[in-house]
Amino acid sequence: MNYWLFKSEPSDYSFNDFISDKETCWEGIRNYQARNFIRDDIKKNDKVLFYHSNISEPHLIGLAKVVREAYPDHYSWDKTHKYYDPKSLPENPRWFMVDIKAAKKLKRIVYLKEIKKEPKLSEMILLNNSRLSIQPVKKHEWDLIIKMSNS
DNA sequence: GCCAACGTTGGC
DNA sequence: GCCAACGTTGGC
């Protein structure tokens with residue numbers, strides 16, 4: 001089983017929105033590195049940390065679980081949709097998505113500034129490639145973040 | 001709102 | 001295949 005971090009801007013889709021939906025498809029990924037993780041590496045039952053980005057105090061807020069592996073992002077075929085991409089065709093889809101199910105809120109929010117202070121987390125992609133919206137998390141990083149959220 | 005970092009596009 | 005121009009992300 002693998003661990004992941006998914007970013008979302010809360011003004012677009014917050015963890016509370018996710019909780020009320022219970023389950024969601026993660027559409028709109030239009031970056032090849034993130035696409036490759038979705039298409040090739042994210043597996044059913046993998047665990048996901050839900051991150052709120054592009055706000056004054058970015059933070060991790062909740063947990064989720066992968067419930068459906070990669071399938072084509074059909075929004076990329078919908079001319080009326082903001083995620084439309086004329087280069088993605090049903091017979092040769094360019095973009096993919098997975099479904100995730102909300103698990104629970106962290107007992108305590110873990111802020112980016114706390115993660116930055118923790119030497120053991122200094123190699124997280126979150127700190128080193130701030131633009132990647134889907135990223136793998138190492139088990140020791142995951143465990144420490146969970147521990148931080150419980151203290 | 002600014003802007004650095006980075007990815008993508010397209011002319012050559 | 002290079003690289004300048006442009007667009008986007010996301011911390012601050």
Side-chain angles (χ1 to χ4, degrees), chain A residues 2-21 24-42 46-66 69-100 102-138 140-149 151:
Chain A
N2 289 310
Y3 300 92
W4 304 94
L5 183 153
F6 283 23
K7 292 182 187 174
S8 185
E9 299 190 21
S11 57
D12 267 4
Y13 194 72
S14 69
F15 193 71
N16 279 343
D17 296 332
F18 183 29
I19 291 270
S20 47
D21 287 348
T24 190
C25 59
W26 207 256
E27 82 280 10
I29 295 299
R30 297 292 179 270
N31 165 287
Y32 288 105
Q33 218 182 333
R35 189 279 309 268
N36 292 346
F37 286 135
I38 286 183
R39 191 190 55 189
D40 306 331
D41 300 321
I42 298 182
D46 280 0
K47 291 186 174 181
V48 174
L49 275 166
F50 196 104
Y51 181 81
H52 279 165
S53 68
N54 209 10
I55 49 173
S56 62
E57 294 190 298
H59 56 262
L60 290 162
I61 184 164
L63 301 173
K65 187 173 82 169
V66 177
E69 292 177 15
Y71 60 106
D73 182 343
H74 53 80
Y75 292 99
S76 68
W77 308 329
D78 178 354
K79 281 195 174 66
T80 66
H81 201 276
K82 68 170 173 170
Y83 292 130
Y84 175 63
D85 179 355
K87 290 175 181 163
S88 180
L89 303 168
E91 59 272 24
N92 185 21
R94 175 175 294 211
W95 305 114
F96 294 82
M97 54 190 179
V98 293
D99 289 353
I100 59 173
K104 60 176 181 181
K105 261 192 178 166
L106 295 177
K107 197 166 155 196
R108 182 180 74 75
I109 279 174
V110 176
Y111 289 96
L112 176 62
K113 63 182 178 193
E114 301 174 64
I115 293 171
K116 283 185 163 173
K117 279 190 207 150
E118 177 50 67
K120 293 193 182 80
L121 298 177
S122 65
E123 290 185 0
M124 283 189 75
I125 295 168
L126 187 64
L127 305 182
N128 297 297
N129 179 358
S130 67
R131 306 185 33 145
L132 191 58
S133 65
I134 298 234
Q135 46 186 266
V137 175
K138 296 196 184 83
H140 80 270
E141 296 166 342
W142 178 280
D143 290 344
L144 182 52
I145 288 165
I146 298 300
K147 192 176 157 197
M148 289 163 78
S149 75
S151 62

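Below, all heavy atoms of this structure are taken into account, side chains as well, without hydrogens, waters or symmetry copies. Chain identifiers are assigned alphabetically (A, B, ...) following the order of the sequence lines, protein sequences preceding nucleic acid strands; residue numbering begins at 1 within each chain.
- Between A:Arg30 and A:Asp73, at least one side-chain nitrogen of the basic residue sits less than 4.0 Å from a carboxylate oxygen of the acidic one, meeting the salt-bridge criterion.
- Legend: residues meeting ring-ring contact (aromatic ring centres under 6.0 Å, His included) with A:Tyr71, ordered by chain and number and at least two apart, are absent.
- Remark: aromatic rings of A:Phe50 and A:Phe6 are distant, center separation not under 6.0 Å.
- Classification of the A:Phe18-A:Tyr13 ring pair by plane angle, with boundaries at 30° and 60°, yields tilted.
- Counting non-hydrogen atoms under 4.0 angstrom, A:Tyr111 reaches nothing in the nucleic acid.
- Between A:Asn128 and A:Asn54, the residue whose closest nucleotide on DNA chain B is further toward the 5' end is A:Asn54.
- Considering only residues two or more places apart in sequence or on other chains, A:Tyr32 meets the ring-ring contact (aromatic ring centres under 6.0 Å, His included) condition with A:Trp95.
- Of all nucleotides in DNA chain C, those with any atom nearer than 4.0 Å to a heavy atom of chain A start and finish, going 5' to 3', at C:dG7 to C:dC12.
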